[in-house]
Amino acid sequence: MVGFVELWVRSAFSGITEGSHGRRGMAGFPGAAQPEAIAERVLSVGMGAFALSDLFTLAGVVRANERAGAAGVRCIVGCELWLPEGPLVL
């Protein structure tokens, strides 16, 4: 049996500002967890892996991967990008 793996997780590092990307109304995700806390939660619910797919950044993957590796959980690295004239890219 293959366990469930969450492939779209955002951490507190997700978010953009109008000044850096020219899009209004997207200034982060209040209440989002730190990458280490996400890795701990994944372990506590018995999942063996998760994909950290922050919005416009890879800033949280080092911290998530270090904690996940120490706990025996696999951290799949991703990034959500919105292109100016194209679709969502993961």
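Within the structure, the salt bridge (Lys or Arg N to Asp or Glu O under 4.0 Å) test picks out the following pairs touching residues 64-75 (sequence neighbours left out): E40-R67.
Rounding to the nearest 0.5 Å gives a distance of 9.0 Å between CG of L55 and CH2 of W82. To the nearest 0.5 Å, atoms CD (Q34) and CZ (R63) are separated by 5.0 Å. Here CD of E80 is found 7.5 Å from OG of S14. Values are rounded to the nearest 0.5 Å.
Across V42, I38, I76, N65, a single residue satisfies side chain to side chain contact (heavy atoms under 4.5 Å, CB included) together with L52, and that is I38.
The two residues L43 and A71 come nearest to each other via the heavy atoms CD2-CB, 3.6 Å. The minimum heavy-atom distance linking T57 with A59 is given by the pair OG1-N, 3.0 Å.
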Go through F50 and C75 one step at a time and tell me if the side-chain contact (heavy atoms from CB on, under 4.5 Å) criterion holds.
-> CA-CA 5 Å; F50 68 102; C75 177; 3.9 Å; yes

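You'll find the side chain of S11 stays beyond 4.5 Å of the side chain of V9, heavy atoms only.
In this structure, D54 contributes its side chain and F13 its backbone to no donor-acceptor pair below 3.5 Å.
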